[in-house]
Structure formats: structure tokens, C-alpha cells
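For reference, the structure discussed in these notes is given below.
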Amino acid sequence: MGEISIKINIADRIYPLRVDMEEEEVIRRAAKLINDRIKEFQENYAVRDKQDLLSMCVLHYATGMLKSEKKTNADEVGVEKAVNELDSMLSEFFNNVRS
């Protein structure tokens, strides 16, 4: 679809970006999430320094991402185990049918 130029505001700073048109909404939503989280940290922890707020925000989202990756890996192992069990059951069934 092509690239477009957009401006994103994060922590009261404007960042000009060139993004694919189909990514624009996701990027704008991500910026809103970041700004909302910064505001929440600012209110709950009485922190005013933007660098500290951004660091807390990054830590929050990085932790969430790592937890999500860990869960996804555990889910993949579970699915793999279930597929192997099903494969064994089907193999046994078809071997018995042929006998």
C-alpha cells in the first residue's frame, strides 16, 4: 500500500515517522498506550521526570512481552505433546484396523 509520514507524540515529544499505511493504526494505538501508562505512573508514583517515567513504561511492557513469550512457549509445548499423543493414538488405531 505504501509508506506515509505521521507524527507521534510520546511523553510530550513529537516523533516524525514513515510507516506503512497498514501499520499506522497500530503505531498510533501503541503511542496512546504508552502515554496512558506514563500518565498512570505519574499519578500513582508522583514521578515527574520523563526519563524515569519512560523507563518505568519500558520495563512494564518488556516484562509483559517476556511473560507472554514464556506462556506462548509453554502453550506450544502443550500443543506439541497433544499432537504427538493424537498421532500415537491414530497410528495404533490404524495398525489395529489393518490387523
Side-chain angles (χ1 to χ4, degrees):
M1 285 176 95
E3 286 189 341
I4 58 172
S5 294
I6 62 173
K7 292 181 180 177
I8 298 296
N9 182 331
I10 298 175
D12 298 326
R13 284 188 128 168
I14 303 295
Y15 297 92
L17 302 173
R18 288 196 53 75
V19 299
D20 289 331
M21 287 177 65
E22 56 271 359
E23 290 183 334
E24 178 186 9
E25 182 182 345
V26 173
I27 291 170
R28 290 191 186 280
R29 286 181 59 210
K32 182 176 180 347
L33 285 173
I34 292 166
N35 286 321
D36 290 347
R37 183 65 59 187
I38 287 170
K39 183 179 178 184
E40 180 184 321
F41 286 144
Q42 196 169 25
E43 291 169 356
N44 292 333
Y45 298 103
V47 176
R48 297 282 174 243
D49 183 69
K50 294 292 184 187
Q51 182 67 42
D52 290 340
L53 290 166
L54 285 166
S55 295
M56 292 168 68
C57 190
V58 168
L59 180 62
H60 172 80
Y61 285 114
T63 301
M65 183 190 73
L66 291 172
K67 286 179 183 178
S68 179
E69 284 179 358
K70 184 176 180 180
K71 184 182 180 326
T72 298
N73 289 340
D75 290 347
E76 287 175 2
V77 168
V79 168
E80 184 178 346
K81 182 179 176 188
V83 167
N84 287 335
E85 288 174 5
L86 182 59
D87 183 54
S88 295
M89 289 171 57
L90 288 171
S91 294
E92 184 178 329
F93 173 78
F94 286 117
N95 285 336
N96 289 337
V97 169
R98 283 186 246 172
S99 300

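Atoms considered below: every heavy atom in the structure, side chains included; atoms not considered: hydrogens, waters and symmetry mates.
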Sub-3.5 Å donor-acceptor pair from the side chain of [X] to the main-chain atoms of [Y], do we have one?
X: Asp49; Y: Gln51; value: yes
X: Thr63; Y: Leu59; value: yes
X: Asn95; Y: Ser91; value: yes

May I ask whether [X] and [Y] are part of the same hydrophobic cluster, defined by side-chain heavy atoms of I, L, V, M, F, W, Y residues being less than 4.5 angstrom apart, directly or through others?
X: Met21; Y: Ile8; answer: yes
X: Ile14; Y: Leu53; answer: no
X: Met89; Y: Phe94; answer: no

Check: [Y] and [X] side chains under 4.5 Å, non-hydrogen atoms:
X: Leu54; Y: Ile10; value: yes
X: Leu33; Y: Arg37; value: no
X: Val19; Y: Ile4; value: yes
X: Leu66; Y: Glu69; value: yes
X: Glu92; Y: Asn96; value: yes

Enter the distance from [X]:[atom1] to [Y]:[atom2] here, rounded to the nearest 0.5 Å.
X: Glu40; Y: Cys57; atom1: CD; atom2: SG; answer: 9.5 Å
X: His60; Y: Met65; atom1: NE2; atom2: CE; answer: 12.5 Å
X: Ile27; Y: Tyr15; atom1: CD1; atom2: OH; answer: 14.5 Å
X: Glu24; Y: Glu3; atom1: CD; atom2: CD; answer: 12.5 Å

For [X], is the [atom1] atom crowded, meaning more than 12 foreign heavy atoms sit under 6.0 Å from it?
X: Lys32; atom1: NZ; answer: no
X: Glu25; atom1: CD; answer: no
X: Arg29; atom1: CZ; answer: no
X: Tyr45; atom1: OH; answer: no
X: Arg13; atom1: CZ; answer: no

Identify the two heavy atoms, one from Ala31 and one from Asn9, that lie closest to each other, and give their separation to 0.1 Å.
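Looking at all heavy atoms of both residues, the shortest contact is CB-O, 4.3 Å.
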
Please give me the minimum heavy-atom distance between Arg28 and Lys7, naming the atom from each residue.
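Closest approach of Arg28 to Lys7, heavy atoms only: NH1-O, 3.6 Å.
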
